Trainee: 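This is the structure, below, for whatever I ask next.
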Amino acid sequence: MQIKKVVFPVAGHGSRFLPATKATPKEMLPIVDKPLIQYAVEEAIDAGFSELIFVTGKTKRSIKEHFDASLNLDISNITEPKKKLFDEMNHIIPEQVSCIYINQEEPLGLGHAILQAKPIIGDEPFAVVLADDLIDSKKGVLKQMAEQYVDRNSSIISVQKIDKKDSILYGMIDTEDSNVNMRKLTGIVEKPSQEDSPSNFGVVGRYIFSNEILSFLETISFGAGNEIQLTDAIKKIIATQSVFAYEFEGTRYDCGDKLGYMKANVEYALKDKKFGRAFLAYLKEKVL
Ligand code: UTP
């Protein structure tokens, strides 16, 4: 079954990225010339998703404006290449794909943000993408996961090996032992200390959920960091149905963190068709 709906929670504080995120959503920060949210949206469209649900907060108007086909520019006296570019900007979202924006009045946590999308999700399975986790991969991670979902019909969360001393930054998982890249989840803890972490696999911002996760989200109360944590709902759902942890193929950049964001910009700039070579020459001059 092709899943149609994907939720983009974009209502967080972005406090790690202040002051840039004081009036601008972190998801609008550009990597080279494209905002993070556009990379995420393109990954979802490429994976076949056709209903995009944005959970936005108070500084998020620019996200809707970015995707609206409303570049009101007088194009009568501009050159052909610019016309083409402006036309492309008005068609980032293909016609068969729809966007819905809902508000999270207060950023009470990722679990709370997802719950705001419940009336639009209805009773279908759905995906969640955190745009500040930028993943560079040959095949988009959401596409990799959607293919796995077709085979298993079970919730899947993406994970990657992390340095155990960074456990405090992640949801850390426990799984049935296996050497494959898809493991059955047996436990999950939000931001444990290195000593308490059940493994060295941390959760990354791509998920596919069976609809039941929403009922579990409704039952949980404030957890770690005094937020409604998605992790706590996942902990509950694994007692009733199989959830798999998928070790994806690709390189992930934590762009909610300043260093991760800078690394992503360097890597994507080096790959840029127009400026990559010149940028490499500049870096060599600078550091060698
Ligand atoms: P983060 O954990 O990165 O939190 O959220 P944050 O508040 O955005 O950033 P910091 O930690 O203060 O720097 C992960 C994702 O969940 C969204 C964020 O926008 C981000 O995409 N989120 C988080 C919400 O939409 N609402 C929330 O209440 C919390």
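FYI, side chains are in, hydrogens and waters are out, and symmetry mates aren't considered; it's all heavy atoms of this structure. Keep in mind that what you see is a predicted model, and the values were worked out from it rather than measured. Both counts, for ligands and for their atoms, begin at 1 and track the order of listing.
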Trainee: If you group Ile, Leu, Val, Met, Phe, Trp and Tyr whenever their side-chain heavy atoms sit less than 4.5 Å apart, what else falls in with Phe275?
Mentor: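 Via sub-4.5 Å side-chain contacts, Phe275 links to none.
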Trainee: Suppose we screen for salt bridge (charged side-chain N to carboxylate O under 4.0 Å, His left out). Which residues come up paired with Arg16, at least two apart in sequence or across chains?
Mentor: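 In terms of salt bridge (charged side-chain N to carboxylate O under 4.0 Å, His left out), with neighbours along the sequence ignored, Arg16 is linked to Asp254.
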Trainee: Do any pairs count as a salt bridge (Lys or Arg N to Asp or Glu O under 4.0 Å) and have a residue in residues 99-115, sequence neighbours left out, and if so which ones?
Mentor: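 Residue pairs passing salt bridge (Lys or Arg N to Asp or Glu O under 4.0 Å), neighbours aside: none found.
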Trainee: Non-hydrogen atoms closer than 4.0 Å to ligand 1: which protein residues do they belong to? List them by chain and number, please.
Mentor: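 Answer by chain and number: Pro9, Val10, Ala11, Gly12, His13, Gly14, Ser15, Arg16, Lys26, Glu27, Gln104, Pro107, Leu108, Gly109, Leu110, Ala113, Leu130, Asp132.
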Trainee: Looking only at heavy atoms, what is the nearest atom pair of Lys164 and Ser197, with distance?
Mentor: NZ-O, 3.5 Å
Trainee: Should the pair Phe209 and Phe126 be assigned to parallel (<30°), tilted (30 to 60°) or perpendicular (>60°) ring geometry?
Mentor: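 The rings of Phe209 and Phe126 sit tilted, inter-plane angle from 30° to 60°.
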Trainee: Search all heavy atoms of Tyr246 against all heavy atoms of Met145 and return the closest pair with its distance.
Mentor: CD2-CG, 3.6 Å
